[in-house]
Structure formats: C-alpha cells, structure tokens
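Owing to the predicted nature of the structure, the values given are computational and were not obtained by experimental measurement.
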Amino acid sequence: MLDEEYEDITYFKENGFFEKECTKCGNIFWTRDEKRETCGDAPCDIYTFIGKPIFSKPMNLAEMREYFLNFFEERGHTRIDRYPVVARWRDDIYLTIASIADFQPFVTSGLVPPPANPLTISQPCIRLNDLDSVGRTGRHLTTFEMMAHHVFNSKDKEIYWKDKTIALCDELLTSLGADITEVTYIKSPWAGGGNAGASVEVMVGGLELATLVFMNLKESKTGTIDVKGKMYERMDSYIVDTGYGLERFVWASQGTPTIYDAVFPTIVQELTNLAGIDHELNNPEYAKIFASNAQFAGVMDVSGNANLLELRRQVADSIGMDVDELNRIMDPMEKIFAIADHTRCLTFMLGDGIIPSNVKSGYLARLVLRRTIRMLADLGVNVPLSEIVALHIDNMPEYPEFEDTFKVTEEILALEEEKYRQTIERGRKIIQKAAVRYQEKGESLPLEELMEIYDSHGIPPEVSKEAAKEVGVTVEFPDNFYSLVADMHSEAGDKDESITGFKYMDKIERLPLTKRFYYDEPERMEFEAVVLDTFEDFVVLDNTYFYPEGGGQEADNGMLMAGTFVYDVIDVQMYNGVVIHKLNITDKELLINRGDMIIGQVDKKRRMAHSRHHTATHIVNDAARKVLGNHIWQAGAQKTENRARLDISHYKHITQDEINEIEMIANKMVMENKKVHFESLDRTEAEQKYGFGLYQGGIPPGKTLRIVKVGSDIEACGGTHCLSTGVVGPIKILKTERIQDGVERLEYAAGEAAIAAVQEMEGLLRDSSEILSIQPEILPPTVERFFDEWKELQKENEKLKEELAGARTIKMLQNAEKIGEFSLVVNVTKGDGIDSLRMAAIEILKDENAVAVLLSETDGVKAVAAVGKNAVTKGLKAGDLVKMMSQAVGGGGGGKPDLAMGGGPDASGIEKAKAEAVAKIKETLSS
RNA sequence: GGGCUGGUAGAUCAGCGGAAGAUCGCUACCUUGGCAUGGUAGAGGCCUCGGGUUCAAUUCCCGAUCAGUCCA
C-alpha cells in the first residue's frame, strides 16, 4: 500500500495537526481542530460556506486566477501560458483534463525538461464524465481551470517536495482569509495513467478546493509497491502535481448558492431574462432553495431521473416545500446553469480549434452543442448559440484569442444548429411513421425501436416521446435508456486486434541503434555498410541511407549488393531506432551474412517522388490554411510515389473555387523556390517557440524534434524533403473527398506524378471527345445534348412499342380461337423481349374474355400469360400457366392471376410449353 | 477506428422479386370582376454507381460512393 509514502510528511507533526480517522467514512485526515471528528468531505460533512464565504474577499475568475498565479510567482515559480483544451500533443486523450496533462508523457517521464521549474499555470480543462450532473448539483462544470504549481524533481536535483507543497497550500488559504482551523487534509492515495503516489485532498467548509499529488511511482511488473492491485516502483523523477479549482475558489470567496452564480453571473442573468424567469438571489427564501439543493446534491449521485427525484424529495422536505413546486422552480434554472456551462465549454472547444464532427474530439463538441440546443428549446429560448458564446467571450477578456476566431466559431455554430434542426426534423418523421405503424397493430412503440432510432438517427428518447405524442401515441422509456444503448454496443463489438509487432523484436533489442544518414546527406543514394544481423529476409546494417516508413511517407526501395549478390530492398521499417531492410529473395536462402560488407543503393526516383510529395504536403497544408482559415488542422496524411493525400479539419465542403485557389497558391510557393529549413530543437523549446501547430502530422516521440519550415508552415517532421520548394515541381490537386464530418481529404500529385496525372486526365477528355468526333471544349454541352436526346428517344421508343403492341394485339385477337365466349390468343415469336410481350398482354387484358399465351424465343425462352377477368373467375390462373411453360423450358416464373411472366434457357422446349398451356386452358375453360 | 440507417419525380417520402407511385411544387386550361381557392389535364424518373444471384432486380447478395447517426 501507499501508506509509507505518507511517512515522510513532517509538516503536519511540526505544525500542530492532529491525525484522525473520520468517524463516518474511516478515512485518515489531518486537522488543526482537536475536536473535529469527520474528514470534511461529502457525505460526512455538508457545505457550510453558502451565504458565509470561506475567504475574506469576494473575487471573480480573473481576480482569483491572477491572485493565485501571482502568489506562486512571488514564491519563486515561473508563470507559463495555458495549453489548448484540445490535447494536440497527446495521442491518448482528446481533451486536456488536468494541468499535468500538459506535461505528459515526455516531461513527466524525464525525457524532456519542463518549460520552467518550478512553474505555475492556470490550465483550462474539459471533462465530460459528469455531463448529467452539470446544473443539477450546483457545483459540476464541464469546463474549469485547474490552477496549479508543478515541480519536477530528479534524483540529481530536488527543488521541493511534500512538506513545502502543503506549507504553500496552507499559506495560500491563510492569505485568502480562510479559517485555518477549518481546513482538513484527507489522505487519498492516487493512481492513474501508469503512475501513482501519495495525495491529499484539501477540504474547507465541506468543499474540496484542491488536490496535492506527489507522483513518484510508476507501474512496473517487477515493482514491489502494491496500489489497487497493480505493482509499482519508484521513479528517478518525482513530481509535485497540484490542482486548485479556480471556479471553486471563486465560489468559496462568494458563498453563492451555486458555483454558476459565482462563476458566470452575467451569463446566468442574461439567460434568465431570455427565458422569462426570475432568478432572485437577493430573496433569502429563494436563495435557500438553491443552497439546500447544493448541499444535498453535494452528497449524492444525481445522474438519472430516479436519483434526481430523490434529491428533489430531500430538498423539498428540508425546506418544507411541495415537490412539484420545487421542481417547477429548479428544472428551468438547472437548464440555464447547464446552458451557461456548456456554452462556455463550446467557447473553449471551438476557440481552440475543435471542429464538430461525428468522430473523435469533434464528436464531443457536437455532443455538448446538441445538448445545449435541446435545453434552449426546452426553455423556449430562441437565440443563436453564437450570441451566448459571444457573451462568454466578452466575459473573459483574459482570452483575447477567442475574439480572433469568433467569426469561424459563429459560422460553425450556425451550421451546426441548422444541421441539428434537420436531423431532428428527419427523425421526428421517422418516429411518427413508426409510432403510427405500431399503433395500427394495437401496440405501443417498443423500446428496441426507440433505441434504434436514437442509435441510427440521433433522436433522443425525449424528442421521440414528444413527436409521438403529436400523433397521439404515448411512448415510455426507462430511466436507464442511455446505459441500455451502451450495453447494446458493448455486446456488439468486443474484438480487440492483436498488436502486430516485429517477429524478431527480442533480437533487435540487443542490436545498436542504426546510424541513419538520410537527413545529413539527403542527396546521397549509395553507401557502404556492415551487416549486423539477418533474420529470414530481413537485414540490419550498422548504418543506412534508406528511409524507413514513417510520418505517412512510404519506405525507400533500392538494392543491397554483397559481392556478386544483388538483392532488391522491398520494404524498410524502424523499430526502437533499429532499421530493418526487407529483401526480395529469389534464391532459396539469403546469401548475406553477419559481418559482410555491403553496398546499398537507394532507388533515387522513388525517393525523389516521396520527397516531392512530402514537401508538397507541407505546401498544400500552408496554402489550405491561407485559403480556408487558421482552424484547419492536419488529421492525417500519406505520401506515395504517385500520389499524396492530406486530411484537414474543416467544417464545410471545400468548393471548387477554393481548391483552385489552394492549388494556385501552392504552385506560387513552388515558383518562389524558397529554401526549406531544417532545425533540431529541444521539444519544450520548440513548443514554446512555435506552438502546437508543430504536431500537424502527429506526435513524434523523443527529446528533440526535427523542425521543418516550408514557407510559413512549421512542423515537427521526420520525413525526407526537397531542399527548396522549386524542386517539388508542379502540384496538381486531383480530388477532394469528405472522409468524415469535419474532415476533408485533399488528393494531389507533385512533380512527375503531377504531369502524369494531368496527362491521364487529358487522355480521358481526348478519348471521350474522339468518340463523339468533337473538340474537347464542347464536350459538356454535347454530352448534355446526347443525354437529353437519349432520354427523348427512350420515351419515344416506349411509346412506339406500346402502339405496336396495340396494333399486334388487335390482329392477334382477330385470329383468336374461340372457346365458348372466351378468345384464346396463342403467339410464338422470335426476338421479342419480355417487355414487349408484357405490353401486348396488357393490351389483350382490356378484353375481359381474352386469354393469351405469348412466347418468344430470345436469349432462351420468354413466356407471358394473360388471363382476362372473366376467365380468372373460371379458375384459370396466369401464374399456373407460366409455371407450366417455364418448367418445360428449364426455368421458372410467376406473377398475378391475370398477368404472369417467366421463361427459361432451353429453347427446344418451346413447342411443348405452348402445347401444355393450350391444353390446360382448354380444359379449364370448357369445363 | 468500430457499429447502425438511408440514397426512387424539383422537394418530402411510399413500394422492397413479376405493369414505377402518393403528397406538395411546376406548366396549361376551366371556375372568378380580381385574388384566396376549387376543378381538369400534363410535364417531370439511367429507382446513386459497378458486379453477382434469377426466366425476371428499383426490390435479394457483395463492393464502391454519397449522406445521416451512435460509440471508443
């Protein structure tokens, strides 16, 4: 256990604390109050600060943030700028969920030095885990700022550790005017993300204001420290990871009934005005409701309707109010609080460049956005989201960057609102149709149907219920609807793919890192090397000029020559810094051995094509940003010999005009023949200098980054490049494609590949116009004319066939054999298709006494039977006739009693078919 | 990255193996002093594309593509 990690904390002993065990939950805590028995956390203690602020001076967000950062600056910490809320430097999380996330994984692992040490920061974070609770509890937020001071200690240098951290916390709280005897520190061992350590929660007045984590353990199979079933060992580096909740500090300083009233009072005010609700916090009776609600909600789980109902009941009891009356007051206010919170969340998300989408972080943005729209609709408030977001931006002048991006934000919000409106409209129709269908069967809309509609069409059950009600169908759904949907998904998919590592991984680990020279001498293609090892058709060399696949760029090909033996290199990969060359072995076995001297030859043409496409990708990215806006972000890229493609985040389709513009700008950059710059920089330094735009192409591992500058595009990139843009040659954008909502793919070719692509397209034009014997320039109008004419002819053809059928029918009816009052038409032709037979049959059917058997020998045999209304009443069925005939020609058929068609491949049976049908007809009709 | 749903007339959709439909919109005419409206007639479909199964595919199967949606 982690208990021993607390033993070296001397601060409590030296400062008159008492170590106690909470009489309610049993947790260990420290306090200066000898008489205290409970730990201070929910549910053991309830809020005492509402109406009675913890701190001496009420502060807003900006004031509190500044106070905190200044406090730690004065105590030797360096203030650093916030990181984006979208964690672009991480590939394991989408959103920044804590201040320490800024420094994971490379700073915390000790690989890369921190931007400053010790440092202080106020990091905006987004957590969507408790979405349901936001607005209800009075304290939950999706977006909050984690104020923090961090220390990165190493075994060589310790700045400070546990005692000083707790002392600073005590000092901060005291300086803000908190009653220090009310503060409790709860022992709360922490583990997460492969690390663990001692941690204390800082509680005042029933509110958790901060958590102080002392991260000094890492997960390890051979570790000896057991934390929650996993084994850990000590790290060389040990880190102070604190988290002070800015919003909670503000709340504690004001003692308002809810955190929302403290954090964004103007937004809440504005929303209540729009909704026509009075939110009169000056009225003590009214304020008491929310205070009581916050207290009860502080000690229970409020997700789900059942829990909410229980909360309402408790609150109503405590203040002596009717539950319905309470609900009437609380429900709209909870929505307003949630809207205020969600729109702030969107302000950060969109302001930091998230594009709403149906995948990844974009989906999270859309989720929040749609929840907000729904709640606004519930309140009957009809204002664009962008107006509320604009209020937040005005309210947070500390974030001027959001004003710069507001135009894009506004457009995105408008598009998303329209999109959701359409989705709901579409969904409502589907619901109503289904509801009516089930109602006709005397059933109610089943749950499965409701779930499917949510899953496939995004219509939440609340909306379904509402829509069904409009057509007079009542729909019920259980409280745990969303978890049922989640269960359905977990049943569906559970296949985890096996990780395909390299087969000889263990052998590679013993080899030295391959010296790679393709950066130092990018133009050299021939080299000598010593073979370090071989496995099957894989060869490892001491050095190489071959580029291994990576960064979306395919591997180099070429040859390895050892004496008189020559092998083609068909693939090159790198594992943990060791480059593996895969050879194409035509003989039985590889005739290269360990220790051999070989000559390597890189396929220059292929390498050049890759380099052109890689540099072109940076150029196109830059051009796209110039044309489409600064929000565009690379979501993936691939470079091959003939093509390259770049996926960029963008909230609407790229138009042809925009493509043309991007293409033009890209080619101008080529023509300017700018030098491509390379720079090797320390990771943190690079991030500080160039921002996270560096990680367009993903997050390369390691301490130092290779920075590639092409024009105004600056990226961390490990690929091979042209040394100047002119070498790239022409860039031709070939097509765009939407691979996901919010992600557009550009496909293009550069250099020789571009010429080839253009020539190929030209060929298509030439070939097409040659077929029509026209000039390519008039291809579009000509094709249009041809298509129109073709449609006309098609129609005319049909009309003529009908007329012909009519004419033939008259003749056939004249020649018909009489069986009583019935006339029997039998006709065998060649070359008539099933359609013309059927048309003739339809004509014949106008005579209610007619019976027809029409056969045609074409592509086998086609047969149609028509039985007039009066003959049908005699029990003659066209379907039966066709079945008989079709069997005779080895096929099948069917249809309705009056008209049926069929056929078969065997033409020799045609006479037999006819005879059988005629016999059957005569038999039936004459009886 | 995975799952689900859908592409049929200008729009919204029905049909789901054997004659391509409805409603709105459009055009013309009739009704009216004019308009709202009502009536009559008509135009408008490579049933998304490419394979397969079948005597026969808008319909079933596979693939592509476009769109929607849920989840990691």
Verdict with supporting geometry, A:Lys419 and A:Leu415, side-chain contact (heavy atoms from CB on, under 4.5 Å)
CA-CA 6 Å; A:Lys419 218 172 202 168; A:Leu415 283 171; over 6 Å; no
Worked check of side-chain contact (heavy atoms from CB on, under 4.5 Å) between A:Ile459 and A:Ile430:
CA-CA 10 Å; A:Ile459 309 303; A:Ile430 295 170; over 6 Å; no
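Between the side chain of A:Gln634 and the backbone N or O of A:Thr617 there is no donor-acceptor pair closer than 3.5 Å.
Look at CG on A:Leu367: it is 13 Å from P on B:U69, rounded to the nearest Å. Between A:Phe786 atom CZ and B:C46 atom P the separation is 19 Å, expressed in whole Å. The distance between atom CD of A:Glu449 and atom P of B:U5, rounded to the nearest whole Å, is 12 Å. At whole-Å resolution of the value, CZ in A:Arg90 and C1' in B:A72 are 17 Å apart.
Taking atom P on both nucleotides, B:G17 is separated from B:U59 by 10 Å, rounded to a whole Å. Rounded to whole Å, the C1' atom of B:U12 lies 16 Å from the corresponding atom of B:C26. On the C1' atoms, B:U69 is 49 Å away from B:C30, given to the nearest whole Å. With both ends at atom C1', the span from B:A11 to B:G50 equals 28 Å, rounded to whole Å. Using P as the reference atom, B:G10 and B:C61 are 27 Å apart when rounded to the nearest Å. One P atom belongs to B:G21, the other to B:U27, and the distance between them is 24 Å to the nearest Å.
At the heavy-atom level, A:Val889 lies nowhere under 4.0 Å from the strands shown. As judged by a 4.0 angstrom heavy-atom cut-off over every strand, A:Tyr94 is placed among the base-contacting residues. Residue contacts shown for A:Gly903 include a base, since a base heavy atom lies under 4.0 Å away. No engagement by A:Ile834 is indicated, since no non-hydrogen atom pair under 4.0 Å with the nucleic acid exists. A:Gln422 comes within contact range of no nucleotide atom at all, as no heavy-atom separation falls under 4.0 Å. The residue A:Gly860 sits apart from the nucleic acid: no heavy atom pair falls under 4.0 Å. Using a 4.0 Å heavy-atom cutoff across all strands shown, A:Lys419 reaches sugar-phosphate atoms only and no base atom. Contact annotation for A:Thr423: backbone-only contact, meaning every heavy-atom pair under 4.0 Å involves sugar-phosphate atoms and none involves a base. A:Lys433 comes within 4.0 angstrom of sugar-phosphate atoms only, judged by non-hydrogen atoms across all strands, and of no base. A:Asp859 comes within 4.0 angstrom of no nucleic acid atom, judged by non-hydrogen atoms across all strands.
No hydrogens or angles were tested; on distance alone, a donor-acceptor pair under 3.5 Å links the side chain of A:Asn358 to the base of B:U69.
Of the side-chain N and O atoms in A:Arg426, none sit less than 4.0 angstrom from OP1 or OP2 of B:U12. Dashed line: the shortest gap from a side-chain N or O of A:Lys862 to OP1 or OP2 of B:A56 is not under 4.0 Å. Remark: A:Lys795 is in phosphate contact with B:G44, judged by side-chain N or O atoms under 4.0 Å from OP1 or OP2. Proximity of A:His457 to the phosphate of B:A67: no side-chain N or O atom is located under 4.0 Å from OP1 or OP2. OP1 or OP2 of B:G68 has at least one side-chain nitrogen or oxygen of A:Arg738 nearer than 4.0 Å.
With contacts defined as side-chain heavy-atom distances shorter than 4.5 Å, the pair A:Arg808/A:Asp832 qualifies.
Pair assignment for B:A19 gives none, since no Watson-Crick or G-U wobble pairing has each distance under 3.5 Å. Remark: B:A64 base-pairs with B:U48; criterion is Watson-Crick or G-U wobble with both hydrogen-bond distances under 3.5 Å. Applying the Watson-Crick and G-U wobble criteria (two distances, each under 3.5 Å), B:G25 pairs with nothing in any strand. For B:G1, the paired base is B:C71 (Watson-Crick or G-U wobble, both distances below 3.5 Å).
Residue A:Ala900 is the one, among A:His653 and A:Ala900, whose nearest nucleotide of RNA chain B lies closer to the 5' end (criterion: closest heavy atom).
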